[in-house]
Colleague: 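First the structure, which I've put down as structure tokens, then a few questions once you've had a look.
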Amino acid sequence: MKERIITGIIGGAFFITMVLFGGWVFALFISIVASVAMMELLKMKKIAPISLMGIISLFSMWLLLVPTNWFDQVVPSYFTKVEIFIFMILVLLMFTVITKNSFTFDQVGFVILSSVYVGFGFHYLIMTRDIPEHGLILVFYVLLLIWTTDSGAYFVGRKWGRNKLWPDISPKKTIEGSIGGIVAATIVGTIFYFFFPIFSSYITALLVIIVASIFGQLGDLVESALKRHYAVKDSGNVLPGHGGILDRFDSLIYVMPILHLLQLI
């Protein structure tokens, strides 16, 4: 417990400092974090990160991760990120033949899905921070909603939890806890909005609160399902007492793309 608290304080303080810096410093920091997260997924699938397949996988993720303005400075404008990513998919499929199926179609699917999951998740985190005027507050707002949901779900579930939410994936989570997390996020998010009215209306803020709270919990379940499928307790051990990067960022990288795709931020 002591190790967990120390890691939480130091890690949390460092992350908040990076968010405050913003710009290329934050983008570079998130790129490193995303790379570690991708390597955690590769190790779950027994793909060595420092191998030809591992490097191609990381490159695919970086392609989706990097801010568009970085990409445009390096790659000629007549190539888009999507076009190059599709080309990478074809290269991965080609390797199933070259390696005589030692690199399988199943692994190709895993690499593609992992690249999208990690790459786009952290990409939209960077994009949110880069939003003029409100980027900093938006990142903190979404973080606050996720943390409040987790805390509310934990305490309500511990006291009143009776009905299991999804026992096959996360045996300790309860329906009562899940609802308690949404209610807690709604209360805290509403109070925050009235001090920092960063949305055009409270209705928009309420939609952000509900989406972030519900999909934040789903993001946590997605990562729990991954760990159960590959029979691992934690995604990694880079954060003593907390596990891996994915264990800490699972909700955030699931919520950020959804908020953007729904055009709520």
Side-chain angles (χ1 to χ4, degrees), residues 4 7 11 15 30-51 53-65 85 88-89 92 103-125 142-143 146-147 149-150 153-154 157 164-175 177-178 181 211-259 261:
R4 182 180 176 86
T7 302
F15 179 73
I30 291 301
S31 297
I32 295 170
V33 169
S35 298
V36 175
M38 187 66 184
M39 286 189 280
E40 289 176 352
L41 281 172
L42 291 173
K43 288 177 181 177
M44 284 188 201
K45 190 62 176 173
K46 303 292 190 282
I47 300 174
I50 309 302
S51 67
M53 289 303 101
I55 291 169
I56 291 174
S57 303
L58 285 166
F59 181 80
S60 299
M61 185 276 294
W62 289 330
L63 192 61
L64 302 178
L65 167 72
F85 185 68
M88 292 302 302
I89 293 173
L92 287 167
F103 183 67
T104 65
F105 189 84
D106 176 61
Q107 288 174 315
V108 171
F110 177 86
V111 166
I112 294 168
L113 195 57
S114 297
S115 297
V116 173
Y117 173 46
V118 176
F120 270 137
F122 283 109
H123 169 81
Y124 282 111
L125 174 57
V142 175
L143 285 170
I146 290 171
W147 292 340
T149 299
D150 286 347
Y154 173 77
K164 299 298 181 181
L165 179 64
W166 210 302
D168 291 339
I169 294 175
S170 189
K172 293 183 180 180
K173 287 182 171 58
T174 63
I175 294 173
S178 178
V211 168
S213 185
I214 292 174
F215 285 96
Q217 294 183 66
L218 278 171
D220 183 57
L221 288 170
V222 166
E223 204 247 348
S224 294
L226 268 171
K227 290 189 294 185
R228 279 196 171 271
H229 180 73
Y230 291 106
V232 295
K233 182 178 182 294
D234 296 314
S235 66
N237 55 13
V238 70
L239 300 171
H242 289 263
I245 292 296
L246 282 173
D247 293 316
R248 293 298 93 201
F249 286 87
D250 51 5
S251 296
L252 188 61
I253 64 174
Y254 199 81
V255 165
M256 281 301 187
I258 291 172
L259 290 174
L261 293 171

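All values derive from a computational prediction rather than experimental measurement. Along the sequence shown, the residues carry numbers beginning at 1.
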Colleague: What heavy-atom pair brings Tyr230 and Met44 nearest, and what distance separates the two atoms?
Modeller: CD2-O, 3.5 Å

Colleague: Distance-only check: which donor-acceptor pairs under 3.5 Å involve side-chain atoms of residues 30-41, not counting sequence neighbours?
Modeller:
residue : atom : partner : partner atom : Å
Ser31   : OG   : Ala27   : O            : 2.7
Ser35   : OG   : Ser31   : O            : 2.8
Ser35   : OG   : Trp62   : NE1          : 2.8
Glu40   : OE1  : Ser235  : OG           : 2.9
Glu40   : OE1  : Ile245  : N            : 3.3
Glu40   : OE1  : Leu246  : N            : 3.1
Glu40   : OE2  : Ile245  : N            : 2.7

Colleague: Do Thr174 and Leu165 make a side-chain contact, defined as non-hydrogen atoms from C-beta onward lying under 4.5 Å apart?
Modeller: no

Colleague: For Pro167 versus Lys164, what's the shortest heavy-atom pair and its separation?
Modeller: CD-CB, 3.8 Å

Colleague: What I'd like to find out is whether the side chain of Val255 reaches to under 4.5 Å of the side chain of Val211, using heavy atoms alone.
Modeller: no

Colleague: Can you tell me how far CG of Leu252 sits from CD1 of Ile146, rounded to the nearest 0.5 angstrom?
Modeller: 4.5 Å

Colleague: Could you tell me which residues satisfy side chain to side chain donor-acceptor pair (under 3.5 Å) with Tyr124, sequence neighbours excluded, listed by chain and number?
Modeller: none

Colleague: Residues in ring-ring contact (aromatic ring centres under 6.0 Å, His included) with Phe15, at least two apart?
Modeller: Phe249

Colleague: List the residues meeting side chain to side chain donor-acceptor pair (under 3.5 Å) with Lys173, not counting sequence neighbours, and say none if there are none.
Modeller: Ser170, Asp220

Colleague: Does the side-chain contact (heavy atoms from CB on, under 4.5 Å) test come out yes or no for Ile253 and Leu125, once each step is laid out?
Modeller: CA-CA 7 Å; Ile253 64 174; Leu125 174 57; 5.7 Å; no

Colleague: Counting only pairs under 3.5 Å, give me each side-chain donor-acceptor contact of residues 105-119, with atom names and distances, residues two or more places apart or in other chains.
Modeller:
residue : atom : partner : partner atom : Å
Asp106  : OD2  : Lys45   : NZ           : 2.4
Gln107  : OE1  : Thr104  : N            : 2.9
Ser114  : OG   : Phe110  : O            : 2.7
Ser115  : OG   : Val111  : O            : 2.8

Colleague: Nearest 0.5 Å please: distance from the CZ atom of Phe103 over to the OG atom of Ser51.
Modeller: 8.5 Å

Colleague: How far does OG of Ser251 sit from CG of Leu221, to the nearest 0.5 angstrom?
Modeller: 8.5 Å

Colleague: What's the shortest heavy-atom distance between Ile169 and Ala225, and which atoms?
Modeller: CG2-N, 3.6 Å

Colleague: Strictly by salt bridge (Lys or Arg N to Asp or Glu O under 4.0 Å), give each pair with a member in residues 227-236 just once, sequence neighbours left out.
Modeller: Glu223-Lys227, Lys227-Asp247

Colleague: According to salt bridge (Lys or Arg N to Asp or Glu O under 4.0 Å), does anything in residues 113-122 pair up with another residue at least two apart or in another chain? List the pairs.
Modeller: none

Colleague: List in chain and number order the residues that pass side chain to side chain donor-acceptor pair (under 3.5 Å) with Ser213, two or more places apart in sequence or in another chain; answer none if no residue qualifies.
Modeller: Thr149

Colleague: Give me the atom names and distance for the closest heavy-atom approach of Pro49 to Leu58.
Modeller: O-CD1, 4.3 Å

Colleague: So, for Ala153 and Ser178, which heavy atoms are closest and what is the spacing to 0.1 Å?
Modeller: CB-N, 4.4 Å

Colleague: Measuring from Phe85:CZ to Leu64:CG, what's the distance to the nearest 0.5 Å?
Modeller: 4.5 Å

